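Written out below as structure tokens is the structure these notes cover.
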Amino acid sequence: MQGDPSLYDINWSTDKIQAFRQTLLAWYDETKRDLPWRNTNDPYKIWVSEIMLQQTQVATVIPYYERFIETLPTIQALANAEEETLLNLWQGLGYYSRVRNMQIAAQQIVADYAGAMPQTMKGLLSLKGIGPYTAAAIGSIAFGLVEPAIDGNLMRVTARLFELDADISQPKSRKLFAAILYQLIDAERPGDFNQALMDMGATIMTPANLNPEASPIKEFDRSYQNGTAHLYPVKKKKVKATEHQLIAYVVQNLQGEWLIRKHDEQELLTGLWHFPLLEQSVVMEAVSEEELIEPFSDWWAEQNSLLNDYAFETEPSITINQQLMPFGDLSTLTLLPKVKHVFSHRVWHVQLVPLMMKIDQAGLQENENMRWQSPKQIRDLPVSTLQQKLLKALESYL
DNA sequence: AATTCGGGGGT
DNA sequence: ACCCCAGAATT
């Protein structure tokens, strides 16, 4: 892989390029952080770290990384792991398709690469969940491939060094950064070169740029020389997240167990267990008991008819309604705090509504995606951070 | 090219 | 509030 040199000529002399590499790498050798994945040459461990670090800060990743490597120390172990094990290791980290894709990739490696990490860009890019950035990161760090690992840090640093006006939120801008970085990257130490620029972007040339004088490469930095660092990188603003109102139903049976369900692949937080969550099309202000219970009983009837393969409903709403009652009286019920949960693209405001079954419904509704679970054993299953917030809010109520 | 995927940290 | 984070897959 090569960048297109005609796209942008940095117009630095050979001596200046050498001086830049030497300055940057000397700074890195002196000040680099001692991170777990920097004490290994195992491509598998580098891979795990790079997947976890996608859109996720170093400090957040470290404990997840340690636990993951301890539990699944090899590609083979990952390929053979249960999905529940994977999600338990990943719960709270977010972007759960990352770990699902990583297992698919591990199985690809076993099937197509004799169980060993491929050592070419083409091979790495053939793996599920490995894109241009991650392929370059693994390739350069683990195998010495001379490839720039173009992430948010490298784009910010590069944009400032050359006062680039390209919008980094646009995919086509990647070519420009690649063209420049291929001219700069140190062919002897490509992995260290990439990591040095990442450290630079993470610790000194940060978005806020609070201490620009600390930069060891400021003499190479046009935005520093011209006092324009705050203008770079150029990035289009994101659209605001849409807001949604939901109810989380905490349905308790006569054994004191709660109804929980595993989200399927068509919804958010796939594979993780939650109380039944229903979106409210209209915001309910002063609600009656019936208005709180009804959406759940309709949903329950739908689940039942799907599960029982019935083409018709046998007055389920009425039946279920009569079997449920609010847990405590309505006035205390509405005192439960609303839980706010923020995703990248939406915001959920979730109202807890505890309900109790009046008569025994043991056995009803259970299948692999829906079950009654005792409160103490819920944390044995993979749950999202939202579900953890709901459990905590409930704790203070009960 | 735009949208969809979580969750937390810093200002 | 707002932005960002060692991004990739899907639409």
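Chain naming here is simple, since letters A, B, ... match the order of the sequence lines and numbering starts at 1 in each. In this text the structure is predicted, and so the values were computed from the model without any measurement.
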Give [X] one of three labels, base, sugar-phosphate or nothing, depending on what nucleic acid heavy atoms sit under 4.0 Å from its own.
| X | value |
| --- | --- |
| A/Trp348 | nothing |
| A/Thr134 | sugar-phosphate |
| A/Leu35 | base |

Length of the line joining [X]:[atom1] and [N]:[atom2], which is rounded to integer Å:
| X | N | atom1 | atom2 | result |
| --- | --- | --- | --- | --- |
| A/Lys240 | C/dA1 | NZ | P | 7 Å |
| A/Arg100 | C/dT10 | CZ | P | 12 Å |
| A/Ile51 | C/dA9 | CD1 | P | 9 Å |
| A/Asp192 | C/dA6 | CG | P | 18 Å |
| A/Leu154 | C/dA6 | CG | P | 11 Å |
| A/Ile168 | C/dG7 | CD1 | C1' | 12 Å |
| A/Lys238 | C/dC5 | NZ | C1' | 9 Å |
| A/Ile138 | C/dG7 | CD1 | C1' | 12 Å |

Not counting sequence neighbours, which residues clear side chain to side chain contact (heavy atoms under 4.5 Å, CB included) with A/Glu395? List them please.
none
What integer number of Å spans the [atom1] atoms of [N] and [M]?
| N | M | atom1 | result |
| --- | --- | --- | --- |
| C/dA8 | B/dG9 | P | 23 Å |
| B/dT3 | C/dA6 | C1' | 22 Å |
| C/dA9 | B/dG8 | C1' | 23 Å |

Ion pair present between A/Glu83 and A/Arg100, side-chain N to carboxylate O less than 4.0 angstrom?
yes
Between A/Asp199 and A/Arg33, is the closest basic N to carboxylate O distance under 4.0 Å?
yes
Heavy-atom donor-acceptor pair, [X] side chain to [Y] backbone, under 3.5 Å:
| X | Y | value |
| --- | --- | --- |
| A/Gln183 | A/Ala179 | yes |
| A/Ser173 | A/Asp167 | yes |
| A/Asn80 | A/Gln76 | yes |

Does A/Lys236 have a side-chain nitrogen or oxygen under 4.0 Å from the phosphate oxygens OP1 or OP2 of B/dT3?
no
Specify the residue among A/Val58 and A/Leu127 whose closest nucleotide of DNA chain C lies further upstream toward the 5′ end.
A/Val58
Strictly under 4.0 angstrom, non-hydrogen atoms only: write out the protein contact profile of nucleotides 4-11 of chain B, one letter per nucleotide from the 5' end, B, S or -.
SBBBBS-S
Mind checking who B/dG6 pairs with, Watson-Crick or G-U wobble, both distances under 3.5 Å?
none
So, A/Tyr133 versus A/Glu50: side-chain donor-acceptor pair below 3.5 Å or not?
yes
Test item: side-chain donor near acceptor, A/Tyr113 and A/Ser126, under 3.5 Å
yes
Could you check which of B/dA1, C/dT10, C/dC4 has an atom nearest any side-chain atom of A/Lys235?
C/dC4
